[in-house]
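Notes for the one structure printed next.
Reminder, nothing fancy here: chain letters follow the sequence lines and each chain counts from 1. Note that the coordinates shown come from a computational prediction; the quantities given were computed from them, not determined experimentally.
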Protein chains: 2
Amino acid sequence: VAAQGAQSWLPVPPGSPFPLTNLPYGVGAPPGGEPRVVAALGDHAVDLAALARSGSLDGALPDPVATLGGHRLDPLMAAGPDAWGGLRARLQQLLSDQDAEVAVSPALLPREDLDQLLPFTVGDYVDFYSSRDHAERVGQLFRPDAEPLLANWRWLPVAYHGRGGTVVVSGTPIHRPVGQRQPSGDPRATPPPVGPTAELDVEVEVAFVAGVPSRLGDPVPTSAFRRHVFGVVLLNDWSARDIQSWEYRPLGPFLGKSFATTVSPWVVPLAALEHARTTPPRQDPEPPAYLHVDEEWALDVELELEINGAVVSRPPLKTMYWTMPQQLAHATVNGASVRTGDVFATGTVSGPGDAERGCLLEVGGPYLTDGDEVVIRGWAPGADGTRISFGDCAGTVLPARPA
Amino acid sequence: VAAQGAQSWLPVPPGSPFPLTNLPYGVGAPPGGEPRVVAALGDHAVDLAALARSGSLDGALPDPVATLGGHRLDPLMAAGPDAWGGLRARLQQLLSDQDAEVAVSPALLPREDLDQLLPFTVGDYVDFYSSRDHAERVGQLFRPDAEPLLANWRWLPVAYHGRGGTVVVSGTPIHRPVGQRQPSGDPRATPPPVGPTAELDVEVEVAFVAGVPSRLGDPVPTSAFRRHVFGVVLLNDWSARDIQSWEYRPLGPFLGKSFATTVSPWVVPLAALEHARTTPPRQDPEPPAYLHVDEEWALDVELELEINGAVVSRPPLKTMYWTMPQQLAHATVNGASVRTGDVFATGTVSGPGDAERGCLLEVGGPYLTDGDEVVIRGWAPGADGTRISFGDCAGTVLPARPA
């Protein structure tokens, strides 16, 4: 805490996505080296296992070497808020206290040399549908003659389970998926075409990642959000609209989504986002009691969708109707347990404006072409007037594999 | 193979669910002992880690101690068909060859003393909807004025992702889940009631479990089913119908299913089910080429749903419209990868007869009451005229937790 307002002795370029107020966690392998748990600062990554082995983290969290010495963030994520707070405070102190430079410098790696890997083992992946602007636009497209929002939408944060095993880290190329599409004739008599999707889309999303597991049968109330949630990532829920619209009745999206979901390489700890907390849109009608939240938990993250170097839209996260503590409370009100590494995504983030639409379906196309490079970025206000980021959440579209 | 027709020197009671032709795998802890990987034979369980340490499994599979020495089946499942076949052949030989009795006997545990645990780490849980009789009855109930089967149903095995993290082993008590239900008034203006489900149901299902992972982007064709699938379990997809029917539009079931899914304690290896393979129902229309199967892969498993000691129904697995190799090929045609421990369930198994309905929704109630004891059993023809089983897939309903 003392270090919040401090500068690091390590030069951090102005406007860097990774000031001392951010310190996100990831996993990266230096050239020829093993993957290791790291934190980002400016143009560097701090090798946390090396710091732990040198004794610099003693007392900051229990058993630093075991917690930080593996190939994934899993043990740190499971360690809980005291360990997260202890580690963050110690890192901010070490990186701002000139006297620590000699001890810490051997643990610094050039960030651009790292091969960044999926930072944690993904358990279940839940995808919400929490942007009212998105749900209304999609409802108008799919059901032009009905109320765009279904009756349940304002009473509960609608969600479904996606495929945890196909969550990949930024930079992983995405093969255009193959699947069945609706036939052009009578769908009961005409064989559906099978082939590469012609409607490959993106969904700009943000997700929180569970750290501390919960017990089967015990709901996680909105007030316990900070006790279970480790941090936040950007997420691209790649979607094949033609596959999705043919398959999704009556049980929801499956192959239209399950081929790949990309997350940012850095997990921004909740503590770094305290300055991004803001007032959510008013909820009308008042949701049921288990969805009440005492704190303001909208997050002021400015998102940016870029395709082949051109910004397509800038969806504002703070416009989301349902907030993250509400999402977690809803997902567990039935007693469902949470595992370390469970991912809970917002659903497509779209604002009211034409330039704030988080998927190409809403933008009105065109859909993605082979070779397209998609990048999602996000910026949030950090402490001390800084801006903090998640790193690029990027992927390139490869042609479908030959059958 | 030589041992298929043999008897064991260990007395196996007539009609035992676990003859030498079965040898299912599980994880159990003896009183006061650590969990260990075991195989079932008659009234005993063979401690496979103990066998491995004694050298009795040398040469049967690579590194027997590492593969079988942990608390889960995961390493064995990932080891692949050669290891699975090698281990099974060695066990059948050791357990039928009188000369091996002295070496094997120290590894025998009384089966009834074991506390059986979840045998493997569950990755993703996919639930299909592959019984035509079930889909037609449910369609009639939910959409009385329309064709009961939606247009996509006979072209592809409809499925959704459930919650892998709430898959529990047989015997785990199930708390009645709490959730929102449709309000009795105008659903846009009337707050939905929140409370314990009044429509707690079961779904009698069978599931296959992935062993060898596949690579992102590479479909698993029907012909590769045996190279990836380790075995089969029974599964109860507990469902809260009132929660489900309120929440499921437009993205499918979520909290109505995610509170718990029970699996049998024993995983029956595919090799034990070779004698259960039979002819599936004819598929009309002919499905797309990627769903063609060269072998007959319907499974002749007689299922039994028992509530409080009374048999409610006997759904026949062999009537399922879509077969397991088709399900796996469909789930991966878009390039989705498979992880060790992924569970793929059939969906409710229902036959055409009134006494063959696999859920209480189809039976016409009554739904479950607190204290009800639900048991699903399954029997398949094994080699040599034996019958093989999965053990009970059981759970007792506990009252909802106080809010």
In terms of heavy-atom contacts, A:Pro250 and B:Tyr129 come closest through CG-CE2, 4.2 Å

Heavy atoms only, distances under 4.5 angstrom: which of A:Pro288, A:Ala260, A:Pro285, A:Gly252 has the most pairs with chain B? Name it, please. A:Gly252

Is B:Ala135 in contact with chain A via its backbone, its side chain, both, or neither, using a 4.5 Å heavy-atom distance? neither

Atom group of B:Asp342 that falls short of 4.5 Å from chain A, counting heavy atoms: side chain

Rounded to the nearest 0.5 Å, how far does CD of A:Gln180 lie from CG of B:Leu156? 4.5 Å

Need one label for B:Thr190: side chain, backbone, both or neither, based on atoms under 4.5 Å from any heavy atom in chain A. backbone

Spatial distance of atom CZ (B:Arg401) from atom CG (A:Asp218) [nearest 0.5 Å]: 4.5 Å

Tell me, side chain or backbone of B:Val333 under 4.5 Å from chain A's heavy atoms, or both, or neither? both

Hey, which of B:Ala400, B:Pro253, B:Gly123 has the most heavy atom pairs under 4.5 Å with chain A? B:Pro253

At what distance, to the nearest 0.5 angstrom, does CG of B:Leu251 lie from NE2 of A:His161? 12.5 Å

From A:His330 NE2 over to B:Leu255 CG, what is the distance, rounded to the nearest 0.5 angstrom? 4.0 Å

Can you tell me how far CH2 of A:Trp238 sits from CG of B:Asn334, rounded to the nearest 0.5 angstrom? 14.5 Å

Max heavy-atom pair count under 4.5 Å with chain B, selected residue of A:Gly256, A:Gly217, A:Ala189, A:Gly335: A:Gly217

OH/B:Tyr125 to CG/A:Asp124 distance, rounded to the nearest 0.5 angstrom? 11.5 Å

Could you tell me whether B:Arg249 atom CZ has more than 12 heavy atoms of other residues or ligands within 6.0 Å of it? no

Can you tell me which portion of B:Val338 sits under 4.5 Å from chain A's heavy atoms? Options are side chain, backbone, both or neither. both

Any idea which heavy atoms bring B:Pro187 and A:Trp155 closest together, and the distance? O-NE1, 2.7 Å

B:Arg163 to A:Ser337 - nearest heavy-atom pair and separation: NH2-O, 3.0 Å

Tell me, out of A:Ser258, A:Pro177, A:Pro196, who's got the most heavy-atom pairs with chain B below 4.5 Å. A:Ser258

For the residue pair B:Phe128 and A:Phe254, does the interplanar ring angle fall in the parallel (under 30°), tilted (30 to 60°) or perpendicular (over 60°) class? perpendicular

For chain B, which of A:Pro192, A:Gly139, A:Gly179 has the most heavy-atom pairs under 4.5 Å? A:Pro192

